[in-house]
Asker: 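Quick one: the structure is below, and I'll ask about it shortly.
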Amino acid sequence: MISELEARALDRAPVVLDSVESSYARRPAIWRGISAEEWSSYAWQWANRLMSVEALDNAVGLNADERRAVEAMASRFGTAISPHFAALFRPELGSHCPIRRQAIPIGAELDIHDDLLDDPLGESRHAIAPCAVRRYPDRALIYATHECAMRCRHCTRRSRVGLMESVSQADLQNALDRVTANPNIRDVLISGGDPLSLENDVLEWLIASLKACPHIDVVRVCTRMVSTLPQRMSDARLIDVLRKYAPIYVNTQFNHPFEATHEAAQALAALRSAGCILGNQSVLLKGINDAPAILEPLFRWLLREGCRPYYLFLCDVAQGTHHFRTSIQSGLDIMRSLRGRLSGLAIPHFVIDLPDGNGKVDLCPDSVVSRDGQSLTFHNWFGASVNYRDVE
Ligand code: SF4
């Protein structure tokens with residue numbers, strides 16, 4: 001006979017997505033005349049990104065605070081939003097829409113905080129070449145491009161992304177030379193910026209060079225485009241490149257269930273068809289996804305689409321992101337709530353990437369509530385206290 005507490009916990013209904021929409025069906029009035037074929041074109045989506053006050057006003061409207069922030073950020077970390085992502089805004093939620101908040105700057109982004117950093121992960125301190133970083137013995141990151149489909153307002157690399165000219169071929173070659181010359185490096189992340197914004201030939205050259213290196217076991221591509229511009233994955237040549245060098249590990253970034261669209265599901269399916277191994281890295285963002293009822297359906301959907309929730313990051317200490325920061329305790333409370341409600345396959349590691357490049361640390365809800373010698377008491381997923389006798 002199970003306890004009443006356990007029975008109540010077992011009876012709680014899962015939180016699932018009611019429906020998954022297509023961004024095309026949701027497109028704002030300004031794009032009503034666009035055909036489905038144009039909408040599904042990567043080139044059209046890229047060329048029609050919203051990057052100016054006028055374009056934003058025409059497509060999604062700006063309030064006074066947003067307009068001031070867009071203008072003030074133009075020469076620093078500007079604004080760029082694909083039509084696909086803009087179509088996911090919920091007008092009824094106004095400036096509180098969790099999709100809008102990730103894409104359009106607000107005045108709080110202009111505030112300077114002494115405890116925030118321009119280079120929160122200490123990547124300049126750990127650079128082994130102008131475009132390569134090594135923070136762990138067996139891993140390296142190649143910063144392959146300054147471009148992205150979208151300028152995410154919580155971006156860690158906002159002091160570099162979108163600001164400079166494209167990364168030169170010489171810098172990329174230098175990064176490859178440093179990484180392939182070090183036999184301790186076994187796992188390489190191609191990142192940026194978003195590496196899927198590279199020309200297919202450049203991406204193939206990078207992947208092929210790394211795959212040809214005998215000591216590199218793992219090549220990872222970190223991209224947010226599966227959420228922000230999934231039409232990129234309808235490029236058959238890109239999928240062929242990824243298939244040719246399979247398995248490639250692809251790290252996506254979905255932060256909210258509103259990003260779960262038909263287009264994104266198709267993009268994930270295309271990546272799976274190329275033999276990619278998919279993992280998602282969400283960022284815990286205040287007022288956007290800092291609640292179990294938001295993350296649970298997102299993680300369920302990702303798992304269903306073959307993309308395992310891998311990391312949930314505490315927001316990095318990047319200058320301009322103070323308003324997105326949550327406390328560690330609120331993240332721990334979310335993780336405790338998800339445990340038992342979701343399969344372990346759908347529960348990411350909750351981690352903090354320590355400032356100044358000091359590495360990731362797992363943050364786990366403390367399940368041991370007391371300990372007396374070999375006798376421990378645990379708090380389990382439905383809140384019961386359970387005794388356990390450890391071995392010597
Ligand atoms: S896609 Fe990644 S690198 Fe680009 S702006 Fe967003 S978080 Fe930053």
Side-chain angles (χ1 to χ4, degrees), residues 42 45-46 49-51 56 69-70 73-86 88 98-106 109 116-121 123-124 131-133 141-167 189-198 203 206 220-233 249-256 258-259 264 267 271 278-286 288-289 307 310-321 323-325 351 353:
Y42 168 51
Q45 288 281 338
W46 186 272
R49 288 182 304 157
L50 307 174
M51 301 184 75
L56 287 157
V70 170
M73 292 305 295
S75 59
R76 291 184 259 171
F77 180 59
T79 305
I81 311 169
S82 68
H84 166 84
F85 206 76
L88 308 184
I99 300 299
R100 188 180 185 100
R101 291 274 321 279
Q102 292 183 66
I104 295 186
I106 58 173
E109 190 171 323
L116 299 182
L117 305 169
D118 289 332
D119 179 13
L121 301 183
E123 291 186 326
S124 49
C131 290
V133 177
L141 178 147
I142 294 180
Y143 180 92
T145 172
H146 299 299
E147 257 314 341
C148 298
M150 184 168 98
R151 309 269 156 80
C152 312
R153 303 329 299 177
H154 54 276
C155 181
T156 296
R157 299 204 178 102
R158 53 197 289 122
S159 61
R160 295 178 85 179
V161 167
L163 284 185
M164 304 176 212
E165 297 296 305
S166 58
V167 175
L189 290 80
I190 305 175
S191 186
D194 195 316
L196 294 194
S197 65
L198 293 168
L203 185 64
L206 283 174
R220 294 193 251 177
V221 171
C222 301
T223 176
R224 200 169 181 208
M225 272 202 215
V226 192
S227 159
T228 58
L229 210 167
Q231 291 80 358
R232 176 69 172 106
M233 267 47 68
Y249 286 75
V250 174
N251 293 343
T252 64
Q253 186 193 141
F254 287 85
N255 293 325
H256 193 280
F258 291 170
E259 296 165 45
L271 291 169
L278 306 178
N280 186 69
Q281 308 187 145
S282 296
V283 185
L284 188 62
L285 298 167
K286 190 173 180 178
I288 292 177
N289 61 5
C307 181
Y310 166 49
Y311 276 138
L312 174 65
F313 282 108
L314 196 75
C315 193
D316 290 332
V317 291
Q319 198 61 261
T321 64
H323 53 300
F324 288 128
R325 296 183 69 197
V351 293
D353 216 334

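Numbering of ligands and ligand atoms starts at 1, following listing order. The model shown is predicted, which means the values in this text are computed figures rather than measured ones.
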Asker: What is the number of protein N, O or S atoms that sit under 2.8 Å away from atom 6 (Fe) of ligand 1?
Answerer: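 My tally for this metal is 1.
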Asker: Going by side chain to side chain contact (heavy atoms under 4.5 Å, CB included), name the residues that satisfy it together with C155, two or more places apart in sequence or in a different chain.
Answerer: F77, R157, R158, V161
Asker: With sequence neighbours excluded, what pairs up with F254 under the ring-ring contact (aromatic ring centres under 6.0 Å, His included) test?
Answerer: W301
Asker: Spell out, as yes or no, whether a donor-acceptor pair under 3.5 Å connects the side chain of D194 to the backbone of M225.
Answerer: yes
Asker: Does atom 3 (S) of ligand 1 have a protein non-hydrogen atom under 4.0 Å from it?
Answerer: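 Yes, at least one protein heavy atom sits under 4.0 Å from atom 3 (S) of ligand 1.
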Asker: Please find the pair of heavy atoms, one from D316 and one from D353, that lie closest to each other, and give the distance.
Answerer: OD1-CB, 3.6 Å
Asker: Would you please name every residue forming a ring-ring contact (aromatic ring centres under 6.0 Å, His included) with Y311, sequence neighbours left out?
Answerer: F313
Asker: Applying the side-chain hydrogen bond (donor to acceptor under 3.5 Å, both in side chains) test to Q102, which of E259, H154, R151 qualifies?
Answerer: E259
